Amino acid sequence: MKPASFEYHAPDSVEEALGLLTEHGWDAKALAGGQSLIPAMNFRLARPAVLVDLNLIDELAFIRRNENGGGDGGPGPGGVRIGAMTRQRAVEKSELVAELAPLLTEMMPHIAHPQIRNRGTFGGSAVHADPASEIPAALLALDASCRVRGVEGERWVRAEEFFLGLFGTSLEPDELLIEIALPGPRELTGCAFREISRRQGDYALAGLAIRLTLDVKGRIQEARLAYLGVGGAPALAASAAAVLIGEKPTATVVEDAARTAAGELEPMEDMHASAAYRSRLVEILTREALATAAERASGSG
Amino acid sequence: MSSRYFGARIRRNEDEALLTGRATFVDDVQLPGTLHAAFVRSDLAHGLLRGVDAAAALERPGVMGVFTAADLGEYWQPGPLLVPPAPIEGLTFHARTQVPLAREKVRHVGEPIAVVVAESRYVAEDAVEDVIVDLEPLEAVADVRAALAEGAPVIHEDLGSNLAAHAVQTKGDYDAARATADLVLGRDFTYDRGVSAAMENRGVLAQWDERSAQLTVWDTTQAPIPIRNGLASMLGLSESQVRVVAPFIGGGFGPKIMMFYPDEVLLPWISMRLDRPVKWIEDRFENFFSTTQERGQLHEAEIALSSDGRILGVKDVFVHDTGAYDPYGLTLPINTQCTLLGPYDVPNYYSEFRVAFTNRPIVTPIRGAGRQQGVFIMERLLDLGARELGLDRAEIRRRNFLSPDAFPHDHEILFQDFAPLVYDSGDYEPALDKAIELIGYEPEGPVQSEPGGASPAEDGGEGTDGEDGEGSSRRKRLRGTGIVSYIEGTGIGPYEGARVRVEASGKVCLVTGVGTQGQGHFTSFAQIVADQLGVGVTDVRVVTGDTREFHWGTGTFASRGAVVAGNACHAAAVAVREKILRKASEILEVAEEDLMLTEGVVRVQGVPDLSIGLGELALRSNPLRGAVEPGTEPGLEATSYFGPRRGATASGVHAMVVSVDPETAMVEIERYVVVHDCGTVINPLIVEGQIHGGVAHGIGNAFYEELDCDSEGQLHNASFMDYLLPTATDVPPIRTAHIETPSPLNPLGIKGVGEAGAIPVAALFAQAVEDALKEWAPGLEVRDIPLSPNRLFALIEEARAGGGEEGA
């Protein structure tokens, strides 16, 4: 349980970090909160030759109102921007986040334990792209955008293009995630988060983050359902969304969408849950989350 | 004797050091120049070892040595058979014990092949990767049923099969009883294995000192004295040249009584060879392979009942998984065999077991030690029998309890200590009544959901909290109650010893040979001695687990510390008390009968001015000049030993209320009650702590912990991320009550309690969950442990599908 030897750098600016990542390419790994990378290194499942520790880069830790007018090519104005090295605990406790992205406030306590959230970062979890973790699902449901920078320049990537399968993102080895922008609350829109786990703080057996927008007649205009712990990648459930669009969120419609989601996703099987069990959990959680989101969207919840 | 402390709820003497991080554990011992060991372990569960090439490892800077079986020469010996089999008639037993390093063959994943010693653990682990092992794979057999099948790969070739043992014990005539029964009910049951998961893993630090020709070994063992004796013998040293220290240990639970582990044999030898201290601290990943495990058994069991629920007989045929080796003999299957009988009058019993070698880590006792499985079988048979006969679950137990005048009760079979299984004392019905009262059990069962289970159960005390969750879709919660009984054979021999000495400060030093792993010995033993000597409980300094301090003893196992060592402490304290009174009588010129011993002072009744302090008395018992009477022993000191004739039988009843969400299959424990009889209680706080820890352990075994091992013997969840232990939020508050039937087998009347909490939990889970689901999933039976939401989901689906067909 000791890591293989590695070269260690602790730059204090993004520029210096990008220089190191460019220099070492695939041999280098950026270290954020270390809550996944360090255990993997101790098991020698990860053996980066070079570790670029981002913890001294203060400019990457912030939570602020998005006042961007679109000048940098990013979304906005409106919503909240969270720096990649912001601790998960800071996001959980932020009043700004509670105001502008309450889904995150609801979801954060489900990530492991307070000790882990004190150290783990918001961006680190996004870049790790573990299909069992909460943050990628929330970013998908909220239609977040990721600001990514390399030595050559920077780009904004929408969550759906950022996550590319199991532990995969569109980040190049010489790029860093700088910040994540989350759109603010909208009219007739409700969000909900649900997961079920064996013990408090465990990876969920199944879970989802959802954002539902109604039209003025109470029909569902947009539905973004993003699951965790179910499939091989952080992804949206398109068929379940299709069932919902244009319908009022009645019990029947909700049931139908929940069943569609259970059928559409292909849950993995492991020692903690069979595929059939996961499918049933998907159905139950989808039903519950949809009902909650619909109540919130219509202002009754 | 006053009993100021005995029986009192006293805070533990050791907790200040433990809670402030000042207690010394093995890894806290830091010696200059220490080298660190890491093991090259087998990746395969079964294979032929063709060769080991350590050349590259030896070239790595910082590596001081790499040793294989071949390097050990004559020192390479299989470990001792710790417990020879009990003299059961017709018994078959083949001892195949573990080896220090694999030679020719590997028999389980993680079996050590070579040991690397380097300047740091980091370098040692790097060098482990440099060692090239040539292993030729053999077909592995990980499953205990497959191990005994025709044509299975044979793990110890010379035996011709994987059968390690076969034994039959009987009482009465089961077949004849069966012929007269109104109901015969048979089922298959499985109980899977897990790890002990002590907070502190194992560790060894060995230091050979060339100048003094002394070997000192710090070891997380539960048995320092036998380790000392064995090492001296193996290394050709006098016992006086070897000191084994078992300092504070973060939990034992049984695997740390196993010996010798390869590391315990190798590190002292390497230290002598390199003349440097050598340390190995087991990491959590290694622990899943290199420390012993327990509980894998398959049972085919049958109960014969009369129509009024009387047990006419029980038949149980089972297979016990011993892993790759069987150093612990037959302790586990015999415990299962004996404990199955429980607190019940079972006139006819047929119990047959086979022990199988498998390509999995070695099996030795873990807290409960085979008893869980026996209790699970018996309690399940009674539950299913009661259901079939339309009897109440508590009532069927009550009708079969041994009556209070049935003791001593001879079960006519042999126990693990080779003595007949005789219960010394007990009174089971009051414990059941108390548990029923505390859990609020009603004979017809708690209020249940309506047919179909669509509406939730209600609980008067907590309102209509049958649903939870936000939104319009609320979760169902079905409530169920469980109530089970068990007994536990505790406090077996052979013996333990203690030495009590009053020092010139007036304080007392108490030394015993047993090791301590968190049981509270520094307090409970001090309480026993303090009462005899009239001193404060904090004035007794307790020393355990250091072979330099006490020469004789066996160790801490089988819930025996308080029973056996506790009574030795008592005997030594009584002897010192006698010395004190005799000496004080001489000095004060007062008859012994007129003396009192309180607050560290010997006083004369009715003469307040005439007294002498214990410190003064100790000084005068050890004069520096002058003459003493011939034959006088110096000091206020005595050494005593205690060995019980046989074990004392503790017992108890556990009850709990669960709520089950029938759709998600999640189970929540709402209330938990333990009514327990461990004879005379030394310290209720410590007893309750033991019970709480045991219940938490039992909840883990029953519902959380599971080893995900494939048919090739490869483990897929060797970390606490996927090997789930119950945490503080998963263990409910536990309400305890005590019944005391003192044991007649020791002067203090004590019975053991260390394992009790863990024993009946699986049986309790099974019953409570079935009760909760009896209408939602009619006919659902829990026959396999561990249960989990995943398993329970499958059982619910199966039962509901079956129910549907029945209804059609």
Side-chain angles (χ1 to χ4, degrees), chain A residues 1-6 36 39-40 42-45 47 106 112-113 132 190 192-203 205-206 210 249-251 254-255 258 269-296 300-301, chain B residues 36 38 120-126 128-129 201 281-287 468-476 661-667 700 703-704 706-710 715-731 786 788-794 796-797:
Chain A
M1 297 280 281
K2 303 291 184 203
S5 67
F6 55 87
S36 299
N42 285 343
F43 276 110
R44 300 196 174 205
L45 296 171
R47 316 172 68 118
E106 182 181 355
H113 304 280
F193 181 84
R194 280 290 167 124
E195 72 168 41
I196 196 158
S197 60
R198 289 291 325 260
R199 303 170 305 182
Q200 173 67 40
D202 279 341
Y203 279 115
L205 298 177
I210 184 172
T250 60
V254 163
E255 279 295 335
E269 182 150 317
D270 62 23
M271 68 172 294
H272 301 302
S274 65
Y277 181 38
R278 275 210 165 81
S279 281
R280 179 65 59 83
L281 294 177
V282 163
E283 192 180 327
I284 295 165
L285 295 171
T286 304
R287 197 172 65 207
E288 292 175 355
L290 276 174
T292 303
E295 281 172 22
R296 290 175 179 171
S300 62
Chain B
H36 298 267
S120 78
R121 177 70 179 247
Y122 289 87
V123 174
E125 290 194 18
D126 288 344
V128 162
E129 295 186 340
N201 286 322
I281 300 295
E282 182 185 51
D283 65 36
R284 188 59 69 183
F285 179 70
E286 286 183 290
N287 182 267
D468 61 16
E470 301 169 40
S472 57
S473 301
R474 293 181 185 279
R475 302 248 177 99
K476 294 175 179 65
D661 177 339
E663 289 192 299
T664 63
M666 289 287 164
V667 179
F703 198 62
Y704 290 94
E706 189 174 351
L707 291 171
D708 183 18
C709 179
D710 67 21
L715 182 64
H716 298 283
N717 64 330
S719 88
F720 284 167
M721 190 174 88
D722 281 320
Y723 186 85
L724 308 182
L725 293 168
T727 67
T729 55
D730 308 304
V731 179
S788 64
N790 191 34
R791 287 242 168 86
L792 187 56
F793 171 77
I796 292 170
E797 293 290 292

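Side-chain atoms are counted along with the backbone in the values below, which use heavy atoms only and exclude waters and symmetry mates. Residue numbers start from 1 in every chain, and the chains themselves are labelled A, B, ... in the order their sequence lines are given, proteins ahead of strands. Worth saying up front: this structure is predicted, and the values here are computed from it rather than measured.
Between B:Arg475 and A:Ile284, the closest side-chain pair of non-hydrogen atoms falls below 4.5 Å. With a 4.5 Å cut-off on side-chain heavy atoms, B:Ser788 and A:Met271 do not count as touching. Contact of the A:Arg287 side chain with the B:Glu663 side chain is registered, since non-hydrogen atoms from C-beta on lie closer than 4.5 Å.
For A:Ala293, no part sits under 4.5 Å from any heavy atom of chain B, backbone or side chain. For a residue to count as touching a neighbouring chain, one of its non-hydrogen atoms must lie under 4.5 Å from one of that chain's; by this rule A:Leu290 does not touch chain B. For A:Pro3, the parts sitting under 4.5 Å from any heavy atom of chain B are the backbone and the side chain alike. Contact of B:Leu725 with chain A is made through backbone and side chain together, with heavy-atom distances under 4.5 Å. Contacts between B:Asn717 and chain A at a heavy-atom distance below 4.5 Å involve the side chain alone, from C-beta outward.
Of the inter-residue distances, the one linking B:His36 atom NE2 with A:Lys2 atom NZ reads 9.5 Å to the nearest 0.5 angstrom. To the nearest 0.5 Å, the span separating OG on A:Ser274 from CZ on B:Arg791 amounts to 11.0 Å. Expressed to the nearest 0.5 Å, how far CZ of B:Phe793 lies from CZ of A:Arg280 amounts to 4.5 Å. Here the OH atom belonging to A:Tyr277 is positioned 11.0 Å from the CD atom belonging to B:Glu797, to the nearest 0.5 angstrom. Atoms CD and CZ, from B:Glu125 and A:Arg44 in turn, are 5.5 Å apart once rounded to the nearest 0.5 Å.
Judged by the 6.0 Å distance and 45° axis criteria, A:Arg198 is positioned over the aromatic ring of B:Phe703.
Looking only at atom types and distance, the side chain of A:His272 has no donor-acceptor partner in the side chain of B:Asn790 under 3.5 Å away.
Between A:Gln200 and the options B:Thr727, B:Thr729, B:Asp730, a side chain to side chain contact (heavy atoms under 4.5 Å, CB included) holds for only B:Thr729.
Comparing A:Ile196, A:Leu205, A:Asn42 by how many heavy-atom pairs each has under 4.5 Å with chain B, the most go to A:Ile196.
The minimum heavy-atom distance linking B:Phe720 with A:Arg199 is given by the pair O-NH2, 3.7 Å. Of all the heavy atoms in B:Met721 and A:Tyr203, the pair that sits closest is SD-CE1, 3.8 Å.
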